[in-house]
2 protein chains.
Amino acid sequence: MTPTPQERRAARHQLAAGAGPSTARRGPSGGRKQPITVEAIIDTALGIVQRDGYEALTMRRLATALETGSSSLYAHVVNKEDLDELLIGRLCAGIDLPEPDPAVWRQQIIGVCTQLRDQYLRYPGISRAAFATAPSHLDTLRITEGMLAILLAGGIEPQAAAWAIDALTLYVNAYSLEVSLVNRRIDRDDDAWVVSRDELLRRFAALPDTFPHTRRYAVELTAGTVHDRFDVSLGMMIDGIARHRPT
Amino acid sequence: MTPTPQERRAARHQLAAGAGPSTARRGPSGGRKQPITVEAIIDTALGIVQRDGYEALTMRRLATALETGSSSLYAHVVNKEDLDELLIGRLCAGIDLPEPDPAVWRQQIIGVCTQLRDQYLRYPGISRAAFATAPSHLDTLRITEGMLAILLAGGIEPQAAAWAIDALTLYVNAYSLEVSLVNRRIDRDDDAWVVSRDELLRRFAALPDTFPHTRRYAVELTAGTVHDRFDVSLGMMIDGIARHRPT
DNA sequence: AGGTAGACACGAACACCGTTCTACACTCGA
DNA sequence: TCGAGTGTAGAACGGTGTTCGTGTCTACCT
């Protein structure tokens, strides 16, 4: 009995009694050499997102790329939200989780966050889907498990570690989304809004007297490369986490 | 000469030579007592978002609520993205910025972030629009200015303060978006996915052996009320920021 | 071999979306 | 009064996610 998309989704969230192993595929393949499968859908969808961004991923666009009709996709995925979840699951599966080492726990946690960031940035805008992923999804729980192991190895207390994972994950999602949106604006050649550092400095200098600090510290407020922001902010967060380590 | 929506937008980003003061309104009002204005559009849009969430805000829905046609909105706003920006601007304008006091800078920065969070949560899902707001928008720059003043008063160095504002703002946006999405799922009566703490504990307990830490610390991972997460995470971040204060 | 149930793919249709375009009506100043 | 500028309206454009009914294929059983 082939599991339906709904059953597969339930299994990902451990709701499953019922989603037995996939049996061999049955049913017509629409005349193409390779029939449509969930894996093909995910691969193709990620290709579209990588090239044209998350907003360009529509069921019709995906179906066209697979040389089928959009309604055929619903034999394999529950709906678009389910597709989002499958995509995020795939990205999470690509994260390498290190063997925790107390001597370098900071580097290790930064490494996992950086990998996650890079996965999201490779697929511009996709981190929007990560916000909506439920906490019971096994692939994202694997990341939670890996981060927890690192933090515990680093001597962080379990409760502090739990909060830390929450905050770090939200930060990575947010950062990735913002960078993707900025890059999308740049791609659109929307000159009025692409604000280079020089231009931003000029605008900050031109602010009225109600903005004394912003004018004075415009250089600091606009400093650094994009990934400086990430590195420093993550470091700050981890400093705050480390503060609660027992000595 | 009445400024066009494009001109008004440019003025918000200090791009404006050109957007002179609004002259008196001219043109027909479609037979209604109150003609359509940008303020009315913003008020009505926020009402829709407050009641039905950000996703429910469509140009057609908004036009219907204003008893007009959707194309009429484009006399007042550039496009939907412009509307988003106007809405975020309105929410930012509602934030009270305290007079900075070195003795209580922590409480003050937490207070601003909490207000911002509460504004976003009052309008479920709207923080998604905040991610897309360009850094030159005067209303959001006012918040930056206020936060900067507080951090400087608290002895944080300018560069560290700048990074801190960036990270805190991203965190608040992300937190608000996630909470909104969870609440939306609850409202949809999507029982399979609304995962109470008890249910999540059950699922964590049922995880396979590859999740030893998650199983062991399921209680910690699921602890606290929603706003505990916010408070603790913010505290952690501020601890990390404070670490760079000169003694 | 024939029949049947289940699985997969298809196209039309539904109910919506953001936006542009053209036409018309109103307002105000000369 | 006239004309330019402004605001509103409806149709249409090009799109979105999804459902529904139908047809075809596949594997299994008799």
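Proteins come first, then strands; the chains are lettered A, B, ... in the order of their sequence lines, and each starts at number 1. Excluded from the calculations below are hydrogen atoms, water molecules and symmetry mates; all remaining heavy atoms, backbone and side chain alike, are included. Small disclaimer: the values here were computed from a predicted structure and weren't measured.
In this structure A:Tyr54 satisfies the ring-ring contact (aromatic ring centres under 6.0 Å, His included) test with no other residue, sequence neighbours excluded. Every residue two or more places apart in sequence or in another chain that forms a side-chain hydrogen bond (donor to acceptor under 3.5 Å, both in side chains) with A:Arg117 is listed here: A:His227. Evaluation of the ring-ring contact (aromatic ring centres under 6.0 Å, His included) rule for B:His137 yields B:His13 as partners, not counting sequence neighbours. Partners of B:Arg60 according to the salt bridge (charged side-chain N to carboxylate O under 4.0 Å, His left out) rule, which considers only residues two or more places apart in sequence or in another chain, do not exist here.
Counting only residues at least two apart or in different chains, salt bridge (Lys or Arg N to Asp or Glu O under 4.0 Å) contacts with residues 165-181 of chain B comprise A:Arg229-B:Asp166, B:Glu178-B:Arg229.
Rounded to whole Å, the distance from OH on B:Tyr54 to C1' on C:dG18 is 13 Å. Nucleotide D:dG10 holds its C1' atom 17 Å from the CD atom of B:Glu67, rounded to whole Å. The distance between atom CZ of B:Arg32 and atom P of D:dG7, rounded to the nearest whole Å, is 13 Å. Between the C1' atom of C:dG6 and the CD atom of A:Glu7 lies a distance of 13 Å, rounded to the nearest Å. A straight line from CZ of B:Arg26 to P of D:dT6 spans 6 Å, rounded to a whole angstrom. Distance A:Arg25 CZ to C:dA7 P: 12 Å, rounded to the nearest Å. Following rounding to the nearest Å, B:Leu83 (CG) and C:dC17 (P) show an atom-to-atom distance of 14 Å. We find that CG of A:Leu73 is positioned 13 Å from P of C:dG11, with the value rounded to whole Å.
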Between the protein and nucleotides 15-23 of chain D, which nitrogen or oxygen pairs are less than 3.5 angstrom apart?
residue: D:dT16; atom: OP1; partner: A:Thr58; partner atom: OG1; Å: 3.2
residue: D:dG17; atom: OP2; partner: A:Met59; partner atom: N; Å: 2.9
residue: D:dG17; atom: N7; partner: A:Arg60; partner atom: NH1; Å: 2.5
residue: D:dG17; atom: O6; partner: A:Arg60; partner atom: NH2; Å: 2.7
residue: D:dT18; atom: OP2; partner: A:Tyr74; partner atom: OH; Å: 3.0
residue: D:dT18; atom: OP2; partner: A:Lys80; partner atom: N; Å: 2.9

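Distances shorter than 4.0 Å separate none of the side-chain N or O atoms of A:His76 from OP1 or OP2 on C:dA7.
Between the side chain of A:Ser180 and the main chain of A:Pro124, no donor-acceptor pair closer than 3.5 Å is present.
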